[in-house]
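Data block below; observations after.
Computed from a predicted structure; not experimentally measured. Both ligands and their constituent atoms are indexed starting at 1 by order of listing.
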Amino acid sequence: MNKDIITVTSPLLPDLNDFHAELQKIWDSKWITNNGAYHKKLEGALAEYLGVPYVSLFTNGTLPLITALQALRITGEVITTPYSFVATTHALWWNGIKPVFVDIDPATGNIDPDKVEAAITPKTTAIMPVHVYGKPCDTQRIQEIADRYGLKVIYDAAHAFGVKVNGESILNAGDMSTLSFHATKVYNTIEGGAMIMHDEKIKQRIDYLKNFGFANETTIMGPGINSKMDEVRAAYGLLTLKQVDSAIEARHQVAVAYRNALREVEGITFFDDMPGVTHNYSYFPIFVDTKKYGMSRDELYFHMKSQNVYGRRYFYPLISEFSTYRGLESAKPENLPKAHQMANSVICLPMHHALTENDIQRTIECIIK
Ligand code: T4K
């Protein structure tokens, strides 16, 4: 076999000449980090593009999660989902907070609001849901519960760049949302991330916290960290932002092709678009029913690999299965049956803007027997 590898994703890259021109300006200015002109410009451009009031840029998508918990002084227990990338729960652990896992809704892969209330204890201070694969959580139900119990809500929106519900950005839900701009995401700044907030004062607080807590040369307003995005990545991000709409449209077309080809395949299911939602097609998960399909998820996964089609089992194993978290009462598999079922059946197919017709066909052929 001599077929090119098809990777699960591929970064959206700016034109090298355009990037070089921006680098030249940065070099000339000799200002390469610490809230420079490109940093400010990208924060403004993203706020406008995303339809949110305030954006604070970060070096990755993990640090805004950690910083949001610090800024809101979250302690005790936080209710979250086991069906995510480990960074979600690690952010709690780094703050000395106990994660409390609740099961997911198989219709979306997101935390099941029906299960949240039973997990609340006197120590609960917040809920940290994830819009997994960019599919919006039931933000209304989650907010109702949070309001009833006086809890904060921080959304890990790492996958939800540009996602809207009835024209409104999903990033405006809850107290704060965080984004990842990692190379593997719909929109990237190589490494990068952001926090979205509704309030200018909070934005100010976050901007201090990501710069060691400095309010001015001699005043520290709290124990901050260093998680500022530099000028080179901000310049890169301004260029990729210009390409992101066409990249999302290309992803949309890949999703249409997969759905058309796989809809009638016995034992394979996938998500359809949700009504009223502007999707970003950040991932294309399929779910394998071993009995109906006649092959297990892992058999299909390794068969694809043998054909150089590299899907990924996002998110397997569940976060609750990792050694750090396995001992928690809420991590017991019997508490999380739906999350286990999804983690054990999922394969995310190659999904990015640069897939060719041939790549899509090769992927489909691996699945259609
Ligand atoms: N919350 C959620 C819900 C998240 O999903 C993530 C990150 C975070 C928080 C934290 O955000 P960051 O701190 O990462 O900004 C990847 C990413 O590293 C990670 O950002 C992402 N989620 C997670 C779901 O996936 P890996 O270990 O699967 O990446 P890797 O290196 O295996 O790359 C996957 C494929 O992408 C490669 O096989 C080929 C392609 N690729 C990758 C890179 C890095 C490229 O073509 N070029 C590249 O430069 O974690």
Contacting atoms of ligand 1, where contact means under 4.0 angstrom from a heavy atom of Arg312: 26 (P), 27 (O), 28 (O), 30 (P), 32 (O), 34 (C)
Atoms in ligand 1 flagged as close to Asn60, the criterion being non-hydrogen separation under 4.0 Å: 13 (O), 15 (O)
Check ion pair Lys135-Asp105 (N to O, under 4.0 angstrom): no
Shortest non-hydrogen separation from Lys338 to Asp103 and the atoms involved: N-OD2, 2.9 Å
Heavy-atom protein neighbour under 4.0 angstrom from atom 1 (N) of ligand 1: yes
Ring geometry between Tyr133 and His159 (parallel below 30°, tilted from 30 to 60°, perpendicular above 60°): parallel
Tyr83 to ligand 1, any heavy atom closer than 4.0 Å: no
Closest approach of any protein heavy atom to atom 35 (C) of ligand 1, naming residue and atom: Val8 CG1, 3.8 Å
Partners passing ring pair (Phe, Tyr, Trp, His ring centres under 6.0 Å) against His198 (at least two apart in sequence or in another chain): none
Atoms in ligand 1 with a heavy atom of Ala158 nearer than 4.0 Å: 1 (N), 2 (C), 3 (C), 4 (C), 9 (C)
Residue, atom name and distance, where the atom is the protein heavy atom closest to atom 40 (C) of ligand 1: Thr9 O, 3.3 Å
Ligand 1 N/O within reach of His159 N/O, cut-off under 3.5 Å: yes
Side chains of Glu77 and Thr121, donor plus acceptor under 3.5 Å: yes
Atom 6 (C) of ligand 1 [closest protein heavy-atom partner, distance rounded to 0.1 Å]: Phe85 CD2, 3.3 Å
Atom 37 (C) of ligand 1 touched by protein heavy atom at under 4.0 Å: no
Apart from Phe212 itself, residues in the same hydrophobic cluster as defined by side-chain heavy atoms under 4.5 Å: Phe214, Ile220
Side chain to side chain, Thr80 and Ile111, heavy atoms closer than 4.5 Å: no
Pairwise side-chain contact, Lys25 with Tyr38, heavy-atom cut-off 4.5 Å (strictly under): yes
Interatomic spacing from CD in Glu22 to CZ in Phe19 - rounded to 0.5 Å: 9.0 Å
Nearest neighbour of atom 15 (O) of ligand 1 from the list Ala91, Ala160, Ala87, Ser180, on a heavy-atom basis: Ser180
Proximal atoms of ligand 1 relative to Ser84 (non-hydrogen, under 4.0 Å): 3 (C)
Closest protein heavy atom to atom 48 (C) of ligand 1, given as residue, atom name and distance to 0.1 Å: Ala183 CB, 4.2 Å
Under-4.0 Å heavy-atom contact with ligand 1, by part of Asp156 that carries it: side chain
Check: Thr356 main-chain N/O paired with Asp359 side-chain donor or acceptor under 3.5 Å: yes
Lys185 heavy atom under 4.0 Å from ligand 1: yes
Side-chain heavy atoms of Arg326 within contact of Ser320, under 4.5 Å: no
Polar atom proximity, Thr62 to ligand 1 (N or O, under 3.5 Å): yes
Ligand 1 versus Thr184: contacting region, heavy-atom distance under 4.0 Å: side chain
No-hydrogen, no-angle side-chain donor-acceptor test under 3.5 Å, Tyr83 and Asn110: no
Pro11 heavy atom under 4.0 Å from ligand 1: yes
Heavy-atom nearest neighbour in the protein, as seen from atom 44 (C) of ligand 1, with distance rounded to 0.1 Å: His182 CE1, 3.9 Å
Gly61-ligand 1 polar pair, N/O distance under 3.5 Å: yes
Location of contacts on Tyr310 toward ligand 1, heavy atoms closer than 4.0 Å: neither
Hydrophobic cluster identity match, Ile154 and Ile127, side-chain contacts under 4.5 Å: no
Ion pair Glu357/Arg362, N-O distance below 4.0 Å: no
Close-contact set for ligand 1 against Tyr283 heavy atoms, below 4.0 Å: 24 (C)
Top protein contact for atom 25 (O) of ligand 1, by heavy-atom distance: Tyr314 OH, 3.4 Å
